[in-house]
Amino acid sequence: MDIEKLKGIEKKWQKKWKEAGIFEADVDKNKEKFFLAHAYPYPSGPTHHGHARAYLFDDAIARYKRMKGFNVLYPMGWHCTGNPAMIKAEKIRNGDEDTIEKLKEAGVPEEEVKKLKDPHKYVRFFATESDLSYKSCLETVGCSIDWRREFMTIDETYKKFIQWQYSRLKELGYVQQKEYPVIWCPEQEMPLGDNDVEDESQGAESEEYIAYKFRIEIDNEKILLPAATLRPETIYGVTNMFLNPNLDYVIAKLGNEKWLLSHDAYEKVKYQREDVSFVKEFSSEDIIGSYCENPVTEKDVIILPADFVKGSSATGVVMSVPAHAPYDHIAIEELRKQKDVLKKYGIGMEELDFDYISLIDLEGYGKYPAVEVAEEMDIKELDEERLEEATKEVYRKEFHQGTLKENTAYPGKRVDKIKKKVKEDMLARGLAEIYYDTSKPVLCKCGASGVIKLVDDQWFLKYSDREWKNKSLDLLERVKVIPKKYRKELNYYLDEWMGDKPCARKKTLGTELPFDKNWMVEPLSDSTIYMAYYTISKTINQENIDGEKLDSSVFDYIFWGKGNPENCKVKTGVLEDMRKEFLYWYPLDMRIAGTEHLSNHLSFMIFHHAALFNEVEWPKGVTIHGMVLDENGNKVSASKGNGYNMKEIAKGGMVDAMRLGMYAKSSPWDDIKFGKKEVDKTIENVSSRFQKLFKYVDLIDEASKETRDVLDRWILSKMQRHIKNTEDALDKLELMEAVNHAFYSAFNDIKDYVNKKENLNHDVFKDVIRTWIRILAPFTPHLCEELWEKTGGDGFVSEAEWPKVEEELIDETAEKGKELGDTIEEDVREIKDITGLDKPKEIKIIVSDDWKRDMKTAVQKNKELSELMKKNKFRKQGNSAVRYFQELKKEHEKERVISGKEELKALGEMKGHFEKLFQADVIIEKESESKEDKAVKSRPEKPAIVLKN
RNA sequence: GCGGGGAUACCCGAGUGGUCAAAGGGGCUAGGUUCAGGGCCUAGUGGUUUAGUACCUUCGUCGGUUCGAAUCCGACUCCCCGCACCA
């Protein structure tokens, strides 16, 4: 057999598997089921070997479980709802060259690219309909999927399933409508995600300011100065107000109140409230130098000029708290020096002579932390960057460690604990309003400036609901999380981090909310319990059930057993079948997803299962897979072009080599560095071993029959251990460990066996090879099918029974004997090195006497010297016995000691091998019968060795 | 900032109290397979040392617990990942 024959091997077996339908899973009450579901892929672009790795994890497990006798359900669907495909399609429609070029580079034929302007075509192309698609990728690498259950999330039938889910969640009170601030493009009138804004704007968030309404009278009219801050508690420390004399301000009517705002702020606030109208332009210079009233303390504070106040940030009205804000402190210091400015506004020096008001106690600082930090950092002027740093420092410390003083309404309270309450109190008293702004300026890719818009009819999933959270935590507690380290993180997300989540969007590919046709279900929110859909999608596909027939009563019956099947539009028998499938396959045994999905898909799955299903139907396992990085540590991705399309690898017939390499690289949940170069190298390396494997298989026929010697017994014993170790590793999902045992260790042993054995034992060798093929089958299925067939296996190896460990073949003595042989080889080599006796004519191996073995066993049992020396067999050895005793005391080994007879036998059986290896006569003798001086040096399992010329 | 994870020899990467100078792979070195190369095989790959031995130093840094630590505890330094309405 030649490695060349590997070409085409994948296709050959994939075709046979398909024809035989061996991965199609149906209800079988006589078999235990195993249901695993990988996160269904979002087909946004071409696939590569990075994708393959994630799914190969599942495949090995699915194949192993199948061989272990489980009825395995391994399905796949396509998550087509969402925006990226829509946006890409739109770009193609608009002739965006970059997008088109990238697709061509990735291998999309020119004439196809044009067709992808339709988002539905786009997702189909990358889901199933091309060599670049996910389906092609999964099929090419040999994933053992039941394709009859395939579906897309834009199928009418699936949409009905989603609508059922959302109706029921709403009935449970878990879906609610409320106000919500979004970053908004005023030009396009749509919310802006990070993908929609220029790079420098990415990461911008909506920030909730509290605007304190300072009061002033202008022309006998009460005007409010809304000073916006993120630190509501500092209202007690305000010494003055800052307005920018060079900025455009307006007076605007908000409800019944008149506010003074920067022009920019006025434009923004219109998106946050409906009752906003323009009154007039206003020059801040008219009131700089006058006083306004702090709404909380009711004290008057002076309005000072400040160039640094920006119109684009918050309201353009700034309250100054110099004791706790370095910026304010430095601004006042600066102003004190600017006599001409003060004079211009008629501000007397004495008016700047106010004391700072300290309101927060902070350990390690005096009354004015802001002043101290500014001094420490040696900030003397309005150096924006460094003041920003200082501000953060003060803010952080005061927030986490500070306590409010007597001059506030919250004396003794920790800032971090009371902040929220201060805000609520002030809002309740009508002294302040919420004002939203972006954390940094947002520039939309269309060129417009983003603003915060308050959407008032957004639908939310109420993940903040304590009862729901508790139920979900209860579910999590029963879930087996692999690897364990992610449980903590998951627990944190569920318990603390997750809040209400908007679950609907205006514009997206997907499903309408059943109770509000203005909204579509947001793409993450339709991927929560789809594993349940796999249990029925087979029937839906086969019976060609129309979406229209799937109203909520159908799902009520299938998933809850509620209602009367007679009243459903689906035929009763079919409905019963679906119900049976669901009951049989659920719960999900293993859910696989990437780490980035912990805080969304996986958490959502837990929440939604907790809400909608009985405890017995709750998912039982969550497993994380890692991703593939290239040699520079970058994620392998279609846009970077640093990945292989699987078809390229399949051409050489090397899919299995790549599979094995991937498994061996690291644990499935860890990231692996596996760039193109490394893929090439790995394939080269593994395939050379495959070559050897073929050679071994060919050897079987030439092998002769013999009685089983120590090497035969050893290799059989080792194979039992390899079975066991592989099995144990696979049960823990430790694929790397499993491959290390099943492939590398077994390979090394078999190689060793073949090298050392003079005449192969036909029976033994065949048995070994056939065991080997089976434990390798989950990893390299195509290759193993080929070899299985060649070695006369029945049917498919994919369906073969996982080899059972035959306890009676585990032979410790043979293992020890073989080890002994290895040690002797090593020792002889070493002695030759040291002595320079390069080609000894004779090698004497002197096996230690039995009293040494007895003493070793005795010492292992913690016997004392005095006790032992009472025995004749030790006493007659005299001093040698005492010295040996002391030597043994230093050892920690607790392994069984083999007898001198066993040792002699094993060595005898390997004598021929030694003679061949060293090209010398080998003499084996007992210590007591040897005339060599060195004989006394022999130890149990460590014979003395004498080389002679 | 919040939460989670990590630091192991030239490189990648196992290893959670003694059996650890530390798996496996790669690289490198030497020898062999006898004609070029590759492939394959064998051995070596912290240091000193020896008829097959023993000792010393080492697993981010500094301390601690222990008869004994890469492994446990504390502090520190550095790195990675997630922070949502987006798949």
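Sequence lines set the chain letters: A, B, ... in the order given, protein chains first and strands last, and positions in each chain run from 1.
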- Task: Using atom NZ of A:K506 as one end and atom P of B:rC85 as the other, report the distance to the nearest whole Å.
- Result: 18 Å

- Distance between P atoms of B:rA75 and B:rC80 (Å, rounded): 23 Å

- A:Y463 OH - B:rC83 P separation (whole Å): 16 Å

- For atom C1', what is the distance between B:rU57 and B:rC2, given to the nearest Å? 42 Å

- Message: Roughly how many Å apart are B:rA70 and B:rA87, using the P atom of each and rounding to a whole number?
- Response: 50 Å

- Enter the distance from A:L693:CG to A:F743:CZ here, rounded to the nearest 0.5 Å. 6.5 Å

- Any side-chain donor-acceptor pair under 3.5 Å between A:H597 and A:T595? no

- Query: Between B:rA84, B:rG5, B:rG3, which nucleotide gets closest to the side-chain atoms of A:K488?
  - Reply: B:rG5

- What's the NE2-P distance between A:H597 and B:rG4, to the nearest Å? 21 Å

- Note on the structure: Between the OH atom in A:Y463 and the CH2 atom in A:W497, the distance rounded to the nearest 0.5 Å is 10.5 Å

- Just name whichever nucleotide pairs with B:rG3, Watson-Crick or G-U, keeping both distances under 3.5 Å, else none. B:rC81

- Query: How far, in whole Å, is B:rC56 from B:rG4 if one measures between their P atoms?
  - Reply: 41 Å

- For B:rA51, does either OP1 or OP2 sit under 4.0 Å from a side-chain N or O belonging to A:K934? no

- Closest nucleotide of RNA chain B for A:E596 versus for A:E205: which of these residues is on the 5' side? A:E205

- Message: Looking at B:rU65, which nucleotide sits across from it as a Watson-Crick or G-U wobble partner, both distances under 3.5 angstrom, or is there none?
- Response: none

- Query: Which one, B:rA87, B:rG26, B:rG13, comes nearest to the side chain of A:S666?
  - Reply: B:rG13

- Query: Roughly, in whole Å, what's the span from CG in A:N740 to P in B:rG15?
  - Reply: 11 Å

- Query: Quantified in whole Å, what is the C1' atom distance between nucleotide B:rC41 and nucleotide B:rU49?
  - Reply: 31 Å

- Now, which nucleotide makes the Watson-Crick or G-U wobble pair with B:rG44, with each of the two distances under 3.5 Å? B:rC28

- Task: Report yes or no: is there a donor-acceptor pair, N or O only, under 3.5 Å between the side chain of A:Y180 and the base of B:rC85?
- Result: yes

- State the NZ-NZ distance between A:K818 and A:K756, to the nearest 0.5 angstrom. 4.0 Å

- Query: In the structure shown, which nucleotide is the Watson-Crick or G-U wobble counterpart of B:rG52, with both distances under 3.5 Å?
  - Reply: none

- Query: Expressed as a whole number of Å, how far does the C1' atom of B:rU71 sit from that of B:rA21?
  - Reply: 16 Å

- Message: Just to be sure I understand the rule, does A:K673 reach a base, reach only the sugar-phosphate, or reach nothing, if contact means heavy atoms closer than 4.0 Å?
- Response: nothing

- Among B:rC40, B:rC2, B:rA87, the one nearest any side-chain atom of A:Y492 is B:rC2

- For the pair made of CD1 in A:I672 and P in B:rG6, what is the distance, rounded to whole Å? 19 Å

- Query: What nucleotide among B:rG52, B:rC2, B:rC85 has an atom nearest to a side-chain atom of A:I831?
  - Reply: B:rG52

- Task: Output yes when at least one side-chain N/O atom of A:S688 is less than 4.0 Å from OP1 or OP2 of B:rC40, else no.
- Result: yes

- Indicate, with a heavy-atom threshold strictly under 4.0 Å, whether A:P523 touches base, sugar-phosphate, or nothing. sugar-phosphate

- Among A:L776, A:V739, A:I775, which residue meets the side-chain contact (heavy atoms from CB on, under 4.5 Å) test with A:T726? A:I775

- Note on the structure: By nearest-heavy-atom nucleotide on RNA chain B, the more 5' of A:K665 and A:K751 is A:K665

- Task: Could you check whether A:P840 gets within reach of a base, just the sugar-phosphate, or nothing at all, counting any heavy atom under 4.0 Å?
- Result: nothing

- Message: Under a 3.5 Å cut-off for both contacts, is B:rC76 paired Watson-Crick or G-U wobble with anything, and if yes, with which nucleotide?
- Response: B:rG60

- Item | B:rU33 to B:rA23 separation - P atoms, rounded to the nearest Å | 30 Å

- When all nucleic acid strands are considered with a 4.0 Å heavy-atom cut-off, which category describes A:L947: base, sugar-phosphate, or nothing? base

- Message: Distance check needed: B:rA54 P versus A:K937 NZ, whole Å only.
- Response: 10 Å

- Message: Is the phosphate of B:rC85 approached by A:N600 (side-chain N or O, under 4.0 Å from OP1 or OP2)?
- Response: no

- Item | Gap between atoms CG and P, on A:L524 and B:rA87 respectively (whole Å) | 6 Å

- Note on the structure: A:A944 has its side chain closest, among B:rG26, B:rC85, B:rG52, to B:rG52

- Which one is paired to B:rA14, where only Watson-Crick or G-U wobble pairs with both distances under 3.5 angstrom count? none

- Task: Would you confirm whether the ring centroid of A:F690 sits within less than 6.0 angstrom of the ring centroid of A:F694?
- Result: no

- Note on the structure: Whole-Å distance, A:W669 CH2 to B:rC81 P, equals 21 Å

- Message: Within the 4.0 Å heavy-atom criterion, would you say A:N83 contacts the bases, only the backbone, or no part of the nucleic acid?
- Response: sugar-phosphate

- Message: For A:F460 together with A:Y180, are the ring centres under 6.0 Å from each other?
- Response: yes

- Item | Nearest-0.5 Å distance that lies between atom CD in A:Q458 and atom CD in A:E179 | 11.5 Å

- Query: A:K501 has a side chain; which of B:rC83, B:rG25, B:rC85 sits nearest to it?
  - Reply: B:rC85

- Assign A:S599 to base, sugar-phosphate, or nothing according to its heavy-atom contacts below 4.0 angstrom with the strands shown. sugar-phosphate

- Task: Would you mind telling me which of B:rG25, B:rA14, B:rA84 lies closest to the side-chain atoms of A:D670?
- Result: B:rA14

- Message: What's A:A664 touching, base or sugar-phosphate or nothing? Going by heavy atoms closer than 4.0 Å.
- Response: nothing

- Any strand, both distances under 3.5 Å, Watson-Crick or G-U wobble: B:rA22 pairs with none

- Message: If I pick the P atom on B:rA84 and the same atom on B:rC79, what distance separates them, to the nearest angstrom?
- Response: 23 Å

- Message: Any base atoms under 4.0 Å from A:E830, or only sugar-phosphate, or nothing? Heavy atoms, all strands.
- Response: sugar-phosphate

- Query: OP1, OP2 of B:rU53 versus side-chain N and O of A:K942: anything below 4.0 Å?
  - Reply: yes

- Item | Flag side-chain contact, heavy atom, 4.5 Å: A:K934 against A:K844 | no

- Give the nucleotide from the list B:rG5, B:rA84, B:rC40 with an atom nearest to the side chain of A:K485. B:rG5

